[in-house]
> 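Sharing a structure, written as structure tokens. Questions coming.
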Amino acid sequence: MTSRPSFAERLLAWYDESHRDLPWRRSRDPWAIWVSEVMLQQTRVEAVRESYARFLERFQQPADFACASDDELHAAWRGLGYYRRARLLRDGARAVVLLHGGNVPTDAEQLGELPGIGAYTRGAVGSIAFGLPLTAVDGNVERVAARHRALRTDIKKKPAQVQVRAIAEQWLDRARPGDFNQALMELGAMVCTPRSPRCGQCPVAGDCRARRLRIAAELPVRGERHAMTLVQARAVIVAVRGGVLAQRVPEGEPNAGQLELPSPGALCSVDLEDLPKLLHDRCGIHFAIGLPLATVRHAITHHRITLVAHAAEAMGRGSLQAHLPDDPEVPWTTLARKVFAKLNNTRPDFGA
DNA sequence: AACTCGGGGAG
DNA sequence: CTCCCAGAGTT
């Protein structure tokens with residue numbers, strides 16, 4: 001009786017035949033791989049495509065990014081979200097400069113000790129850039145493993161995580177670990193998708209338990225999600241020479257360090273009558289509030305924000321500074337940019 | 001173990 | 001609308 005090709009053999013044959021030609025798959029430079037892996041954390045491939053080449057051109061080596069300013073960092077990361085990832089990547093780049101002479105360490109343990117590099121990124125960079133026999137378990141791998149073995153326990157809980165690790169370890173092709181890890185993720189992204197999996201195209205469908213049980217689309221099992229919190233926020237638009245007044249988002253709040261329109265906070269529900277006092281508390285300035293100019297919606301983590309931006313005049317400036325609304329180098333929050341975009345649509349003279 | 005961080009595209 | 005994505009750090 002001839003045995004079926006191994007899981008890795010079938011997967012790699014499929015990958016060699018049909019994988020996407022993505023920019024980071026054309027490089028074996030550990031810094032380029034690292035950057036791509038961090039950008040891809042919780043972020044779609046198409047969103048990363050746009051930022052990736054530009055980032056690497058601006059920051060060709062860890063040492064280049066290690067000395068980036070906060071505003072440079074923000075400009076390079078704009079549109080990707082999770083800006084903390086970028087700061088951790090910079091921390092990691094600084095550690096590489098300080099501890100390893102500017103070269104990404106080829107040792108798995110040293111790799112894993114760098115800021116921002118957890119188990120997944122260590123496995124991805126180590127296997128892809130250096131050929132180390134490490135697994136790289138991400139959401140795709142969790143899903144493929146849960147389905148192939150019909151794991152019905154909560155995929156994010158410890159027991160399932162341990163099982164998925166063991167399965168990936170067993171599957172891993174130690175001759176081509178980097179290609180294997182990418183192939184597993186490619187399968188999750190293109191075939192074993194969260195909804196409507198394309199089992200007919202799957203190279204390992206033959207021994208997939210979930211498919212045999214016809215429960216592939218129901219796996220993996222996830223726990224209850226955090227309920228959405230509705231927020232009715234308000235902000236003011238104060239047009240001055242040189243742009244509009246902006247405040248820095250304080251540390252400890254989402255988007256810390258970026259610029260927002262003066263407001264009691266993007267996650268703070270506000271009645272119109274309370275707005276002047278709350279603004280004074282936050283900015284130390286008295287504002288005369290005018291009519292609403294724009295209403296925009298935005299979602300951040302588990303908050304659903306409806307922001308009303310009012311025309312206003314400021315009695316003094318305090319610590320607020322004027323910035324140009326449409327300058328891509330200014331670290332406006334996405335929420336603020338949505339307001340500007342709306343104003344440009346409804347009042348075409350606004351940006352000028 | 002639970003919670004936090006952004007944003008957008010698919011279904 | 002809802003869900004999920006090449007996760008990691010903090011508490």
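Within every chain, numbering begins at 1; the chains are lettered A, B, ... in the order of the sequence lines, protein sequences first and strands thereafter.
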> Atom CZ of A:Arg222 and atom C1' of C:dC3: how far apart are they, to the nearest Å?
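Atom CZ in A:Arg222 sits about 9 Å away from atom C1' in C:dC3.
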> What integer number of Å spans the P atoms of B:dG11 and C:dA6?
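13 Å, rounded to whole Å.
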> Pairing donors with acceptors under 3.5 angstrom, does anything connect the side chains of A:Gln182 and A:His19?
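No - no donor-acceptor pair under 3.5 Å links their side chains.
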> Rounding to an integer number of Å, can you tell me how far A:Glu142 CD sits from C:dC3 C1'?
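Answer to the nearest Å: 15 Å.
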> Are the ring centres of A:His148 and A:Phe7 closer than 6.0 Å?
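Yes, close enough.
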> Counting only side-chain N and O atoms of A:Thr334, is one of them less than 4.0 Å from OP1 or OP2 of B:dG7?
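Answer is yes, contact under 4.0 Å.
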> Name the residue closer to the 5' end of DNA chain B, choosing between A:Lys158 and A:His298 according to the nucleotide with the nearest heavy atom.
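In this pair, the answer is A:Lys158.
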> On DNA chain B, compare the nucleotides closest to A:Leu335 and A:Lys157; which residue's is nearer the 5' end?
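Its nearest nucleotide lies further toward 5', so the answer is A:Lys157.
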> Assess the residue pair A:Tyr15 and A:Phe180 against the criterion (ring pair (Phe, Tyr, Trp, His ring centres under 6.0 Å)); give the C-alpha distance rounded to whole Å, side-chain angles, the decisive distance to 0.1 Å, and a yes or no.
CA-CA 8 Å; A:Tyr15 179 75; A:Phe180 173 84; 9.8 Å; no
> Identify whether any heavy atom of A:Asn255 sits under 4.0 Å from a base atom; if not, whether one sits that close to sugar-phosphate; answer base, sugar-phosphate or nothing.
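The residue A:Asn255 makes sugar-phosphate contact but no base contact.
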> Atom CG of A:Leu267 to atom C1' of B:dC3: distance rounded to whole Å?
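Taking atom C1' of B:dC3 as the reference, CG of A:Leu267 is at 15 Å.
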> Output the distance between atom CG (A:Leu267) and atom CZ (A:Arg304), rounded to the nearest 0.5 Å.
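Reported value, rounded in 0.5 Å steps: 13.0 Å.
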> With a cut-off of less than 4.0 Å, is there a side-chain N or O of A:Thr301 near OP1 or OP2 of B:dT4?
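No, no such contact exists.
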> Return the value, rounded to whole Å, for the distance between atom CD of A:Glu251 and atom C1' of C:dT10.
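Rounding to the nearest Å, CD of A:Glu251 and C1' of C:dT10 are 15 Å apart.
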> Without decimals, in angstroms, what is the distance between A:Arg195 CZ and B:dG9 C1'?
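Result: 10 Å.
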> Between A:Arg78 (CZ) and B:dG7 (C1'), how many Å, whole number?
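Checked: the CZ to C1' distance equals 13 Å.
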> Select one nucleotide: of C:dC4, B:dG8, C:dT2, the one nearest the side-chain heavy atoms of A:Arg304.
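Looking only at heavy atoms from C-beta outward on A:Arg304, the closest nucleotide is C:dT2.
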> Please give the distance between the C1' atoms of B:dC5 and C:dC4 as a whole number of Å.
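15 Å, rounded to whole Å.
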> For a quick test of reading the model: is some side-chain N or O of A:His226 closer than 4.0 Å to OP1 or OP2 of B:dA2?
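False: A:His226 side-chain N/O out of range (4.0 Å or more) of B:dA2 OP1/OP2.
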> Rounded to the nearest angstrom, tell me the gap between atom CD in A:Glu253 and atom C1' in B:dG6.
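Spelled out: CD on A:Glu253 to C1' on B:dG6 is 15 Å.
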> Show me the protein contacts with nucleotides 6-9 of chain C, counting only N or O atoms at under 3.5 Å.
unit_1, atom_1, unit_2, atom_2, d
C:dA6, OP2, A:Asn140, OD1, 2.5
C:dA6, OP2, A:Asn140, ND2, 2.6
C:dA6, O5', A:Asn140, ND2, 3.1
C:dA6, O4', A:Asp138, OD2, 2.5
C:dA6, N9, A:Tyr120, OH, 3.3
C:dA6, N7, A:Glu37, OE1, 3.4
C:dA6, N7, A:Glu37, OE2, 3.3
C:dA6, N6, A:Trp24, NE1, 3.0
C:dA6, N6, A:Arg25, NH2, 3.4
C:dG7, OP1, A:Gly139, N, 3.4
C:dG7, OP2, A:Gln42, N, 2.6
C:dG7, OP2, A:Gln42, NE2, 3.2
C:dA8, OP1, A:Gly118, N, 3.0
C:dA8, OP1, A:Thr121, N, 3.0
C:dA8, OP1, A:Thr121, OG1, 2.5
C:dA8, OP2, A:Tyr120, N, 3.4
C:dG9, OP1, A:Gly116, N, 2.6

> What residues, two or more places apart in sequence or in another chain, satisfy salt bridge (Lys or Arg N to Asp or Glu O under 4.0 Å) together with A:Arg337?
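Applying salt bridge (Lys or Arg N to Asp or Glu O under 4.0 Å) to A:Arg337 gives none.
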> Once you round it to whole Å, what is the distance between C1' of C:dC4 and CD of A:Glu218?
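Answer to the nearest Å: 16 Å.
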> If the condition is salt bridge (Lys or Arg N to Asp or Glu O under 4.0 Å), which residues does A:Glu113 pass it with, not counting sequence neighbours?
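Once residues adjacent in sequence are excluded, A:Glu113 has no partner under the salt bridge (Lys or Arg N to Asp or Glu O under 4.0 Å) criterion.
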> Side chains of A:Gln247 and A:Gln321 only: does a donor on one sit below 3.5 Å from an acceptor on the other?
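There is no such pair between these side chains.
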